[in-house]
Amino acid sequence: MKILGRILSLSVGLLAFSCLSAYSIEETWHNDLRSKFLNNDAVIMEINIRSFNSNDVNGDGFIQEKMGEKKGTFINAIERLDELKNLGVNTLHVLPITPSGKLKALGTAGSVYSTAAFDSISEDLYDKESKLTLEEQAKLFIKEAHKRNIRVIVDVPACASYDLYLQRPDLFVSNPAGEPVVPSDWTDVRLLSVGTEEKIDSNVFSLYKDFVKYMMSLGVDGIRADVAHSKTAAFWKELIEYSREKDPEFLWLAESSESWHDPISPYAVFTPYDKLLEAGFDGYYGSFFNIKDWKNAKDLYKQISTTLNNTKKFKDKKSVIGSFTTHDEVSPILLKGPNLSDMIIWMNATLPVNSYFVDGFQTGDDYYYLNGNKLAEETLTDDDMYFTHRGKIDIFNFSRKPGGDNIEIKNNFLLGNNVKKSILTVLNDGTFTPLKTNNQKVFAYSFQNNIKKVITIGNLNFEEPAKVTVKIPKFNPKRQNVLPIKITEMPDVKRGKVSMTLKPGETVVLIIHELL
């Protein structure tokens with residue numbers, strides 16, 4: 001067997017490749033996000049501006065400005081853009097930047113998804129030390145992201161706050177008692193009326209149309225539609241067509257999945273993911289967030305096959321995000337430790353999906369807030385508690401910057417993003433093959449073309465090591481080179497198979513080349 005290179009030299013080479021292929025930024029930004037996404041070439045980081053670069057001096061997890069602490073703003077967010085660029089991130093998913101409701105609220109700032117207006121930006125994101133207006137600050141943040149070849153997706157909330165209901169009750173659905181509908185268990189929002197497939201609610205549609213128009217005027221490159229299945233296909237089709245007339249590269253990502261089947265309320269519509277894609281959405285959430293429940297390799301293979309088949313059903317190209325972890329999911333560090341984070345990195349890197357992560361993931365944040373769910377000294381809402389979801393990035397308060405100190409995760413994050421650049425053609429055009437193993441707790445799959453085969457092997461048992469033999473059809477060490485990309489010790493390589501012992505939760509990546 002011939003081993004080509006070392007992991008360290010591979011990392012250096014890939015980083016050099018990344019620098020050499022860097023985009024030459026022009027004065028005028030030309031949006032290419034839709035093309036990039038449909039080519040599975042987006043590395044997306046989900047961020048919350050109001051905590052993105054906040055300064056929590058006393059370490060209690062939350063921001064008190066009267067103590068000299070500073071919340072996140074569009075202006076100080078710019079300071080972290082180089083950090084993300086250097087880690088291989090090329091797209092931001094910005095959580096809602098609209099004003100948050102203050103009545104019947106959760107948390108001391110109100111959920112970013114409990115919007116009180118669709119036609120303005122939250123004053124909470126204003127930097128008082130800047131002479132720019134709030135809108136100018138938002139534009140500057142987006143412009144600075146573009147300078148670094150980072151695209152920007154902004155979230156549009158699915159529902160609205162009680163505050164907006166009091167102003168415009170005509171926008172909302174009422175129950176038989178005439179009360180606004182509280183969807184799911186989200187006590188801080190009320191259900192908007194969207195109409196039917198035959199007749200769209202024109203008032204709500206106008207809200208969303210104005211929102212899209214406003215975001216495009218700021219320079220935004222796409223929209224992530226929160227709980228997209230809560231609106232009709234006709235509603236989205238008209239809105240998407242409106243945006244595409246202005247910018248054919250404007251991306252639409254639906255928060256929807258093939259594993260979701262129920263409406264958020266008996267009074268809400270439910271539009272399945274395939275109908276949303278037919279309406280014009282470019283992508284959706286593959287059900288990879290179920291990784292925490294996978295019992296054996298077959299669960300993974302089924303999900304990959306489902307995703308690949310689903311994205312090929314349509315005449316227009318479609319894709320998904322590698323939604324292994326989102327702001328709705330508990331930190332993988334808490335679920336199964338750092339090895340789950342590592343596994344998520346390498347699955348994003350070796351599957352034909354758009355890589356997706358939440359700010360703090362890259363350094364192993366467990367999203368613990370010292371004073372979480374305790375009484376607050378001050379509040380801007382009618383909730384006097386620091387309401388948080390343990391293990392999830394905070395969306396309810398002015399809170400600390402996402403962090404963590406796991407250098408190994410950070411290094412793998414960078415390496416995985418760069419490896420994906422070098423193998424993207426194989427992932428997009430190659431054939432997916434589940435590989436047979438002698439251990440059902442170990443998954444092994446390959447993507448291959450006529451020159452290269454990318455093999456990913458992982459131990460779904462996070463408690464115990466696993467001895468495994470992986471069968472690799474037509475593999476001949478005399479005619480093919482094995483390049484270890486991510487590995488702790490070399491496997492035993494023989495004709496048609498490789499054998500190794502995986503540590504608990506360990507993921508291994510190999511590339512097999514045909515000899516020229």
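Heavy-atom basis, side chains included; hydrogens, waters and symmetry copies ignored. Positions are given from 1 along the sequence.
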Participant: Test your reading of the model: is there a side-chain donor-acceptor pair from T91 to the backbone of R151, 3.5 Å cut-off?
Facilitator: no
Participant: To the closest 0.5 Å, what do you measure between NE2 (H389) and OH (Y367)?
Facilitator: 15.0 Å
Participant: Would you check if the side chain of N428 reaches a backbone N or O of N39 as a donor-acceptor pair within less than 3.5 Å?
Facilitator: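 Yes.
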Participant: Is there a side-chain contact between T187 and K104, using heavy atoms and a 4.5 Å cut-off?
Facilitator: no
Participant: Could you check whether any side-chain N or O of D221 sits under 3.5 Å from a backbone N or O of I153, counting only pairs where one atom can act as donor and the other as acceptor?
Facilitator: no
Participant: In terms of ring plane angle, is the pair Y445 and F443 parallel, tilted or perpendicular, where the classes change at 30° and 60°?
Facilitator: parallel
Participant: So does R400 pair up with D394, basic N to acidic O under 4.0 Å?
Facilitator: no
Participant: Only one of L502, V468, N459 clears side chain to side chain contact (heavy atoms under 4.5 Å, CB included) with N439; which?
Facilitator: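 Single pass found, and it is V468.
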Participant: Rounded to the nearest 0.5 Å, what separation is found between the CD atom of Q362 and the CG atom of L84?
Facilitator: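 So the CD of Q362 and the CG of L84 are separated by 6.5 Å.
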Participant: Nearest 0.5 Å, please: how far is CG in L510 from NZ in K486?
Facilitator: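 That separation rounds to 11.0 Å.
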Participant: Between F74 and F141, how do the two ring planes meet: parallel, tilted or perpendicular, split at 30° and 60°?
Facilitator: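 Judged by the thresholds at 30° and 60°, the geometry between F74 and F141 is tilted.
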Participant: Verify whether one side chain among Y369 and N397 offers a donor that lies under 3.5 Å from an acceptor in the other.
Facilitator: no
Participant: Mark yes when over 12 heavy atoms from residues, nucleotides or ligands other than K199 sit less than 6.0 Å from its NZ; otherwise mark no.
Facilitator: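 No - once you tally the heavy atoms of other residues, nucleotides and ligands closer than 6.0 Å, there are 12 at most.
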Participant: Taking the side chain as C-beta and beyond, is there a heavy-atom pair between V194 and S230 under 4.5 Å?
Facilitator: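 They are not in side-chain contact.
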Participant: Assess the pair F288 and Y356: is the distance between their ring centroids shorter than 6.0 Å?
Facilitator: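 Ring centres of Y356 and F288 not closer than 6.0 Å.
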Participant: I'd like to check I142 versus W29 (side-chain heavy atoms, cut-off strictly below 4.5 Å). Are they in contact?
Facilitator: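 Contact flag for I142/W29 side chains = no.
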Participant: Taking the side chain as every heavy atom from C-beta outward, state whether F172 and L164 have any pair of such atoms under 4.5 Å apart.
Facilitator: yes
Participant: Quick one: closest heavy-atom pair of M343 and G505, and the distance?
Facilitator: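 For M343 versus G505, the nearest heavy atoms are CE-O, 3.6 Å.
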Participant: Heavy atoms only: give me the nearest I264-C159 pair and the separation to one decimal.
Facilitator: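 Reported closest heavy-atom pair: CD1-SG, 4.2 Å.
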Participant: Would you say the ring centers of F289 and W260 fall short of 6.0 Å from each other?
Facilitator: yes
Participant: For D226 and R224, run salt bridge (charged side-chain N to carboxylate O under 4.0 Å, His left out): C-alpha distance rounded to whole Å, both residues' side-chain angles, the deciding distance at 0.1 Å, then the answer.
Facilitator: CA-CA 6 Å; D226 176 48; R224 181 265 194 185; 3.3 Å; yes
Participant: Enter the distance from Y284:OH to S257:OG here, rounded to the nearest 0.5 Å.
Facilitator: 7.0 Å
Participant: Between N290 and D299, does any side-chain donor sit less than 3.5 Å from a side-chain acceptor?
Facilitator: no
Participant: Could you check whether any side-chain N or O of S323 sits under 3.5 Å from a backbone N or O of Y285, counting only pairs where one atom can act as donor and the other as acceptor?
Facilitator: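 No.
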Participant: Kindly say whether the aromatic ring centers of Y165 and Y162 come within a distance under 6.0 Å.
Facilitator: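 Between Y162 and Y165, which both carry aromatic rings, the centre distance is below 6.0 Å.
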Participant: What do you reckon, is CD of E83 surrounded by more than 12 foreign heavy atoms closer than 6.0 Å?
Facilitator: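 It does: E83 CD has more than 12 such atoms within range.
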Participant: Hey, could you give me the OH/CD distance between Y273 and E278, rounded to the nearest 0.5 Å?
Facilitator: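 Those atoms lie 9.5 Å apart.
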Participant: For the side chain of S446 and the backbone of Q448, is there at least one donor-acceptor N/O pair under 3.5 Å apart?
Facilitator: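 No, the answer is negative, given that no donor and acceptor are paired below the 3.5 Å cut-off.
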Participant: So with a 6.0 Å cut-off around NZ of K441, is the heavy-atom count from everything else above 12?
Facilitator: yes
Participant: Run the numbers on L435 and K471 for side chain to side chain contact (heavy atoms under 4.5 Å, CB included), then give the verdict.
Facilitator: CA-CA 6 Å; L435 301 176; K471 293 185 178 180; over 6 Å; no
Participant: Is it the case that the side chain of N296 and the backbone of Q440 share a donor-acceptor pair, with hydrogens and angles ignored and the cut-off at 3.5 Å?
Facilitator: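 It does not hold such a pair.
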Participant: Check whether any side-chain heavy atom of N90 lies under 4.5 Å from a side-chain heavy atom of N149, and answer yes or no.
Facilitator: no
Participant: Could you go through residues 96-103 and list every donor-acceptor pair under 3.5 Å that involves a side-chain atom there, pairing it with any protein atom two or more places apart or in another chain?
Facilitator:
| from | atom 1 | to | atom 2 | distance (Å) |
| --- | --- | --- | --- | --- |
| T98 | OG1 | T115 | OG1 | 2.9 |
| S100 | OG | S111 | O | 3.1 |
| K102 | NZ | A109 | O | 2.9 |

Participant: Compile the donor-acceptor pairs under 3.5 Å between side chains in residues 329-339 and protein atoms, sequence neighbours left out, one pair per line.
Facilitator:
| from | atom 1 | to | atom 2 | distance (Å) |
| --- | --- | --- | --- | --- |
| E329 | OE1 | K292 | NZ | 3.0 |
| S331 | OG | I333 | N | 3.2 |
| S331 | OG | D365 | O | 2.9 |
| N339 | ND2 | P504 | O | 2.5 |

Participant: Judged by modelled atom types alone, do D342 and N412 share a side-chain donor-acceptor pair under 3.5 Å?
Facilitator: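 Yes, side-chain donor-acceptor contact under 3.5 Å.
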Participant: Report yes if some heavy atom in the side chain of F37 is under 4.5 Å from a heavy atom in the side chain of I321; otherwise report no.
Facilitator: yes
Participant: Would I49 and L95 count as a side chain to side chain contact (heavy atoms under 4.5 Å, CB included) here? Give the steps.
Facilitator: CA-CA 7 Å; I49 294 290; L95 295 185; over 6 Å; no
Participant: If the plane angle is over 60° it's perpendicular, under 30° parallel, otherwise tilted; pick one for F118 and Y208.
Facilitator: tilted
Participant: Can you find a pair of side-chain heavy atoms, one from D429 and one from N449, that are under 4.5 Å apart?
Facilitator: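 A side-chain contact under 4.5 Å is absent here.
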Participant: Between T363 (side chain) and G403 (backbone), is there a donor-acceptor pair under 3.5 Å?
Facilitator: yes
Participant: So, for N417 and L87, which heavy atoms are closest and what is the spacing to 0.1 Å?
Facilitator: ND2-O, 2.8 Å
Participant: Using a 6.0 Å cut-off, check whether atom NZ of K275 has over 12 heavy atoms from anything other than its own residue.
Facilitator: no
Participant: Is there side-chain contact between V419 and V509, with heavy atoms separated by less than 4.5 Å?
Facilitator: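 Not touching, per the 4.5 Å side-chain cut-off.
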Participant: Got a sec, which residues hit salt bridge (Lys or Arg N to Asp or Glu O under 4.0 Å) with D282, two or more places apart in sequence or on another chain?
Facilitator: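 Residues passing salt bridge (Lys or Arg N to Asp or Glu O under 4.0 Å) with D282: R34, R244.
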Participant: Just do the side chain to side chain contact (heavy atoms under 4.5 Å, CB included) check on T326 and H93 with the steps written out, would you?
Facilitator: CA-CA 11 Å; T326 70; H93 165 201; over 6 Å; no
Participant: Crowded around K237 NZ? As in, over 12 foreign heavy atoms under 6.0 Å?
Facilitator: no
Participant: If every non-hydrogen atom of L81 is compared with every non-hydrogen atom of R148, which pair is closest and at what distance?
Facilitator: CB-CD, 3.4 Å
Participant: Could you report the tightest heavy-atom contact between I393 and H327, atom names first, then the distance?
Facilitator: CG2-CB, 3.6 Å
Participant: Dump the intermediate steps for side chain to side chain contact (heavy atoms under 4.5 Å, CB included) on R168 and N203, then the final yes or no.
Facilitator: CA-CA 10 Å; R168 295 285 308 276; N203 290 326; 4.2 Å; yes
Participant: Please round to the nearest 0.5 Å and tell me the distance separating atom CG of D359 and atom CZ of R80.
Facilitator: 4.0 Å
Participant: Give me the ring orientation class for F270 and H229: parallel if the planes are under 30° apart, tilted from 30 to 60°, perpendicular past 60°.
Facilitator: tilted
Participant: Checking T507 side chain against G458 main chain: does a donor-acceptor pair fall under 3.5 Å?
Facilitator: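 No; judged by distance alone, with no hydrogens or angles, the pair does not exist.
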Participant: With no hydrogens and no angle check, is any side-chain donor or acceptor of S184 less than 3.5 Å from a backbone partner on W186?
Facilitator: no
Participant: Looking only at non-hydrogen atoms, find the nearest pair between F250 and V212 and report the distance.
Facilitator: CE2-CG1, 4.5 Å
Participant: Give a yes or no answer on whether the side chain of K420 reaches the backbone of N348 with a donor-acceptor pair at less than 3.5 Å.
Facilitator: yes
